[in-house]
Student: 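Sharing a structure, written as structure tokens. Questions coming.
The basis for the numbers below is simple: all heavy atoms, side chains too, and nothing from hydrogens, waters or symmetry mates.
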Amino acid sequence: MVHPLIPQLLELAAPVAQKLGLEVVGATFQTNQNPPVLRVDIRNPDQDTGLDECEQMSHFLEAALEDSQLITQSYVLEISSPGISKRLITDRDFIAFKGFPAIVMTDPPYKDKSQWEGTLNSRDETTVYLNQKGRNIAIPRDVIRWVEFC
């Protein structure tokens, strides 16, 4: 279950990250720990996310959180990079994994199939393109639940 403050925390963190050239990719607030732990995952869309970027985000987000008074009790703020995810989301992800084996899950099924496997060719505004044993497959993006590399 997502903590009820997460949407507000993400709304607060996103512009802080944007000013630093970063993206917020997720957050959790673990109130079952003492003190509670707020973890915010960030990434640099242009390169690997480094420790310096996590430190900068921590510094600026800590100030923004203090000003906002969203969290009134003591807590620990952790800023981290989510690491490599198998899910492909951004244009950068699709470019980086072009030519790699990929799985595309659709919902509703597309052409009576919910899972498509092949070599990732590309994606555009409307379609993800796979190669299956020399055959090009075009899958509409509006039916795709997720894409990940194998």
Side-chain angles (χ1 to χ4, degrees), residues 1-110 113-130 139-150:
M1 180 177 205
V2 175
H3 190 279
L5 284 180
I6 291 296
Q8 294 169 343
L9 292 166
L10 290 172
E11 191 174 302
L12 180 71
V16 172
Q18 187 175 21
K19 286 179 185 174
L20 298 170
L22 305 169
E23 297 174 342
V24 174
V25 294
T28 58
F29 194 28
Q30 300 166 345
T31 55
N32 61 333
Q33 297 191 25
N34 191 16
V37 176
L38 172 60
R39 178 184 167 145
V40 179
D41 290 334
I42 60 167
R43 77 173 181 168
N44 184 323
D46 300 320
Q47 61 189 28
D48 291 338
T49 306
L51 183 58
D52 290 341
E53 292 163 317
C54 291
E55 288 176 8
Q56 285 182 325
M57 182 67 179
S58 178
H59 175 74
F60 288 108
L61 183 57
E62 184 176 14
L65 285 164
E66 191 170 310
D67 290 345
S68 75
Q69 298 290 311
L70 275 175
I71 304 172
T72 56
Q73 77 267 25
S74 296
Y75 66 97
V76 173
L77 175 62
E78 291 181 355
I79 304 295
S80 126
S81 169
I84 293 180
S85 169
K86 291 184 84 168
R87 295 271 164 104
L88 306 179
I89 299 168
T90 66
D91 287 337
R92 180 179 177 218
D93 295 338
F94 280 82
I95 291 167
F97 288 95
K98 178 180 180 177
F100 284 82
I103 298 171
V104 177
M105 293 298 293
T106 62
D107 187 23
Y110 177 66
K113 285 179 67 173
S114 293
Q115 180 172 322
W116 295 81
E117 295 183 38
T119 303
L120 182 63
N121 280 341
S122 64
R123 83 166 178 179
D124 60 28
E125 294 78 31
T126 61
T127 310
V128 169
Y129 301 93
L130 291 179
I139 304 169
R141 285 179 64 173
D142 61 349
V143 300
I144 295 175
R145 277 192 20 223
W146 51 262
V147 179
E148 67 182 26
F149 69 90
C150 306

Student: Determine, step by step, whether Val128 and Arg141 satisfy the side chain to side chain contact (heavy atoms under 4.5 Å, CB included) criterion, reporting the C-alpha distance in whole Å, the side-chain angles of both residues, the deciding distance to 0.1 Å, and the verdict.
Tutor: CA-CA 6 Å; Val128 169; Arg141 285 179 64 173; 4.0 Å; yes
Student: Mind checking side-chain contact (heavy atoms from CB on, under 4.5 Å) for Glu78 and listing every partner two or more places apart, or none if nothing turns up?
Tutor: Val37, Arg39, Val76
Student: Closest approach of Thr49 and Cys54, non-hydrogen atoms and distance?
Tutor: CG2-SG, 4.4 Å
Student: Can you sort out the partners of Pro15 under side-chain contact (heavy atoms from CB on, under 4.5 Å), two or more places apart, ordered by chain and number?
Tutor: none
Student: Can you give me the closest heavy-atom contact between Ser74 and Pro35, atom names plus distance?
Tutor: O-CB, 4.0 Å
Student: Can you list every ring-ring contact (aromatic ring centres under 6.0 Å, His included) pair that touches residues 13-33, not counting sequence neighbours?
Tutor: His3-Phe29
Student: After noting the C-alpha distance and the side-chain angles of Val40 and Leu9, does the key distance pass the side chain to side chain contact (heavy atoms under 4.5 Å, CB included) rule?
Tutor: CA-CA 9 Å; Val40 179; Leu9 292 166; over 6 Å; no
Student: Show every donor-acceptor pair shorter than 3.5 Å between a side-chain atom in residues 95-103 and any protein atom, with sequence neighbours excluded, or say none if there are none.
Tutor:
none

Student: Go through the steps to decide whether Tyr110 and Ile144 satisfy the test side chain to side chain contact (heavy atoms under 4.5 Å, CB included), and finish with yes or no.
Tutor: CA-CA 9 Å; Tyr110 177 66; Ile144 295 175; over 6 Å; no
Student: From Ile139 CD1 over to Thr106 OG1, what is the distance, rounded to the nearest 0.5 angstrom?
Tutor: 7.0 Å
Student: Please answer whether the main-chain N or O of Gly50 pairs with a side-chain N or O of Glu53 as donor and acceptor at a distance below 3.5 Å.
Tutor: yes
Student: Which pairs of donor and acceptor atoms, one on a side chain in residues 113-124, lie under 3.5 Å apart (sequence neighbours left out)?
Tutor:
unit_1, atom_1, unit_2, atom_2, d
Gln115, NE2, Glu117, OE2, 2.7
Asn121, ND2, Asn136, OD1, 3.1
Arg123, NE, Asp91, OD1, 3.2
Arg123, NH1, Ile89, O, 3.2
Arg123, NH2, Ile89, O, 3.0
Arg123, NH2, Asp91, OD1, 2.9
Asp124, OD1, Thr126, N, 2.9
Asp124, OD1, Thr126, OG1, 3.3
Asp124, OD1, Thr127, N, 2.8
Asp124, OD2, Tyr129, OH, 2.9

Student: Report, one line per pair, each donor and acceptor closer than 3.5 Å where one atom sits in a side chain of residues 55-67; sequence neighbours left out.
Tutor:
none

Student: Would you call Leu10 and Pro7 a side-chain contact if the rule is heavy atoms closer than 4.5 Å?
Tutor: no
Student: Does a side-chain heavy-atom distance below 4.5 Å link Val24 with Asp41?
Tutor: no
Student: Which distance, rounded to the nearest 0.5 Å, do you find between the OH of Tyr75 and the CG of Leu38?
Tutor: 6.5 Å
Student: Return yes when atom CD of Gln30 has more than 12 non-hydrogen atoms of other residues, nucleotides or ligands closer than 6.0 Å, and no otherwise.
Tutor: yes
Student: Compare all side-chain heavy atoms of Ile42 with those of Val25 and state whether any distance is below 4.5 angstrom.
Tutor: no
